[in-house]
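These notes are about the structure you will find just below.
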Amino acid sequence: GSAGEGIWIIKLKSGNYCKTFGERSCGDDEVLDLMEANDNHSEEHTVGEFIEFCVNGRTGKSGTWTSKGTGKYLEGGKEAGGQLVDQRFCPRIVEGELRYNMVGDTLIGIIHKKPKEGGISAVGGTGSIYTYYGPKEKKFANLTKSFATTDLPKIMPALGLGDEPIPLWWTSDFINSSPPGTDAKDEKWIVGEFNCSCVGISKCLAAYCKDDTPNACYTDIAKKDLADVKKISDILGEKAIKILIKAAKEKAKPAGPGDYFSGEPVDVSSLTKITKDDLGLLPQPSKPRFKTALVGAYVRSQPYGGSDKSSNGHRYDSIPFANGMISAGMSCQLINYVHQEHDTFFEVVKAFDALIVRCNPGQIKADGGSQEKFDDSMRTLRKAGMQVWPSPDVMEFMGAKDALCKIANLSIGLEDTLAYYDAGLFADGFKKTMAFQPRVIKQNRGSAGEGI
């Protein structure tokens, strides 16, 4: 789930929890109190109805649901992204969660997201209160130090992504799992989720189109916000060039006869130009150290080309991203993936040293293309040695909810985090965990809080 979709906070209505895990399993007729994190709405269903909804969606056996979601969280099996993660409920979520905004391994800001009174989820649009802190905020110093020095270097290896760099722009959401009254130095903060798939830069939001701002563009971003964004994008550029320099040193070979390493940026004239202009983009360096491209997706059937677009067709934060790369001495061309020219696109991009993928989930499919075909071709580039930020595997394994199982034994993890990939294991495991204590069930797919 994204933004709380498919994430359910669940309690036994009777409160009849066993003293030790495994002592008993819930019966299908036991009643559950459920709250979904996307909008904090509550429902009441039996264990059997909940399992039926999670596995098969709305059926005659699942009862009547008011959720915006459709259930069927295991549909297609593990290969298709079907999964459910089962975690202990941390009641201090009502105090809020901490979002760590990261550029590579550098913390650039912390957001405390407190749910509306009576709610549990702090996703946008639910009345939650956001408080912004700098990266050196003293009240979170213990968590910051522990995360940056102890756990951060272990995350990618724990996810089976040891050969991949930390994403250029990503977030980690933390929940306090310690009992109330725990001394600050002894508190345990656990990761609720990682976000690395097209995470937005909030201070660029003035540049994306809505019904009341159909002509929004780069110049609508306030100068003060642009100054703050430039600090972020400059760090992003520095991180990117370090990754490329490291990769180049590992596989560098001298120029051979006829090689020319100081050429102009890549010729992309064979690709369809979707956007109107590059308003705000810095001039490309004449002799870039590395050649990069920022890949976007435009949904031709949707207003503005998708909900994340400026009026010229670019994603609202693409220009600052590209400018950070250019300021670091690289070229960064803005190109769009058009599924009808798939083969041409992937032939052209072979000439780049790195690709920054900024295609919002669902947009390639919404435009009539295949996300799987796009991802497979990106994997081929990655296997050939090209940097792809983030690669499909990073998005799949870091962004998937079962990433929480793989970090369960790190200090930022919750050790009793489980994952289910088929209906039988889900039904058996959920009945045991639910009989023991309140739980949070998180689906792997979705957005806006549905199914949490």
Side-chain angles (χ1 to χ4, degrees), residues 1-2 5-6 73-83 155-156 159-170 193-200 240 243 247 268 271-272 274 292-300 302 305-308 315 318 321 333-403 406 419 421 443-447:
S2 174
E5 178 213 355
Y73 304 136
L74 298 174
E75 189 173 41
K78 185 177 182 180
E79 293 299 318
Q83 64 173 246
I155 290 175
M156 301 306 278
L159 299 176
L161 299 167
D163 293 332
E164 293 282 357
I166 287 281
L168 284 181
W169 177 242
W170 63 291
E193 67 176 355
F194 298 119
N195 299 285
C196 62
S197 179
C198 222
V199 176
I243 295 172
V268 294
L271 301 181
T272 300
I274 297 292
T292 73
L294 189 149
V295 181
Y298 189 92
V299 185
R300 286 163 283 184
Q302 293 183 1
S307 61
D308 59 348
R315 186 179 149 87
S318 289
F321 257 77
Q333 296 165 251
L334 305 179
I335 61 176
N336 278 87
Y337 172 75
V338 178
H339 69 89
Q340 289 92 340
E341 53 190 39
H342 177 93
D343 292 341
T344 301
F345 178 89
F346 279 97
E347 189 61 35
V348 168
V349 299
K350 287 179 181 178
F352 290 104
D353 297 302
L355 300 177
I356 301 174
V357 181
R358 299 291 286 170
C359 303
N360 227 12
Q363 289 188 339
I364 290 175
K365 181 178 180 181
D367 193 48
S370 167
Q371 184 71 50
E372 292 77 13
K373 185 177 180 180
F374 176 84
D375 287 348
D376 285 344
S377 294
M378 284 293 178
R379 287 189 178 97
T380 299
L381 294 178
R382 187 72 189 95
K383 289 177 182 176
M386 179 183 291
Q387 292 291 329
V388 178
W389 302 321
S391 71
D393 288 341
V394 169
M395 285 191 281
E396 178 180 352
F397 294 112
M398 190 175 189
K401 290 297 179 287
D402 63 356
K406 297 171 183 176
Y421 304 99
Q443 70 144 321
N444 191 39
R445 311 181 186 93
S447 62

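In this structure, Ile155 CD1 and Phe194 CZ are separated by 4.0 Å, a value rounded to the nearest 0.5 Å. Gln443 CD to Lys401 NZ: the interatomic distance, rounded to the nearest 0.5 Å, is 8.0 Å.
Remark: Asp375 engages no residue in a salt bridge (Lys or Arg N to Asp or Glu O under 4.0 Å) (not counting sequence neighbours). Applying the side-chain contact (heavy atoms from CB on, under 4.5 Å) rule to Ala293 yields the partners Ile335, Phe352, Leu355; only residues at least two apart in sequence or on another chain are considered. By the salt bridge (Lys or Arg N to Asp or Glu O under 4.0 Å) test, Asp402 is found to be paired with no residue, residues two or more places apart in sequence or in another chain being considered.
Contact check for Glu341 versus Thr272: side-chain heavy atoms found under the 4.5 Å cut-off. Between Arg379 and Asp393, some side-chain heavy-atom pair lies under the 4.5 Å cut-off. At a threshold of 4.5 Å between non-hydrogen side-chain atoms, the residues Phe345 and Val295 count as touching.
Taking a cutoff of 4.0 Å between a charged side-chain nitrogen and a carboxylate oxygen, Lys373 and Asp376 do not qualify as a salt bridge.
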Taking distance alone, no hydrogens or angles, what donor-acceptor pairs closer than 3.5 Å link side-chain atoms of residues 357-368 to residues at least two apart or in another chain?
unit_1, atom_1, unit_2, atom_2, d
Arg358, NH1, Val199, O, 3.4
Arg358, NH2, Val199, O, 3.0
Arg358, NH2, Asp317, OD1, 3.4
Arg358, NH2, Asp317, OD2, 2.9
Gln363, OE1, Lys309, NZ, 3.2
Gln363, NE2, Asp308, OD1, 2.9
Asp367, OD1, Arg300, N, 3.0
Asp367, OD1, Arg300, NE, 3.1
Asp367, OD2, Arg300, NE, 3.2
Asp367, OD2, Arg300, NH2, 2.6

Sequence neighbours left out, cut at 3.5 Å: what donor-acceptor pairs do the side chains of residues 159-167 make with other protein atoms?
unit_1, atom_1, unit_2, atom_2, d
Glu164, OE1, Arg382, NE, 3.1
Glu164, OE2, Arg382, NE, 3.1
Glu164, OE2, Ser391, OG, 3.2

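For residues 358-387, every residue pair satisfying the ring-ring contact (aromatic ring centres under 6.0 Å, His included) rule, not counting sequence neighbours, is listed here: Tyr337-Phe374, Phe346-Phe374.
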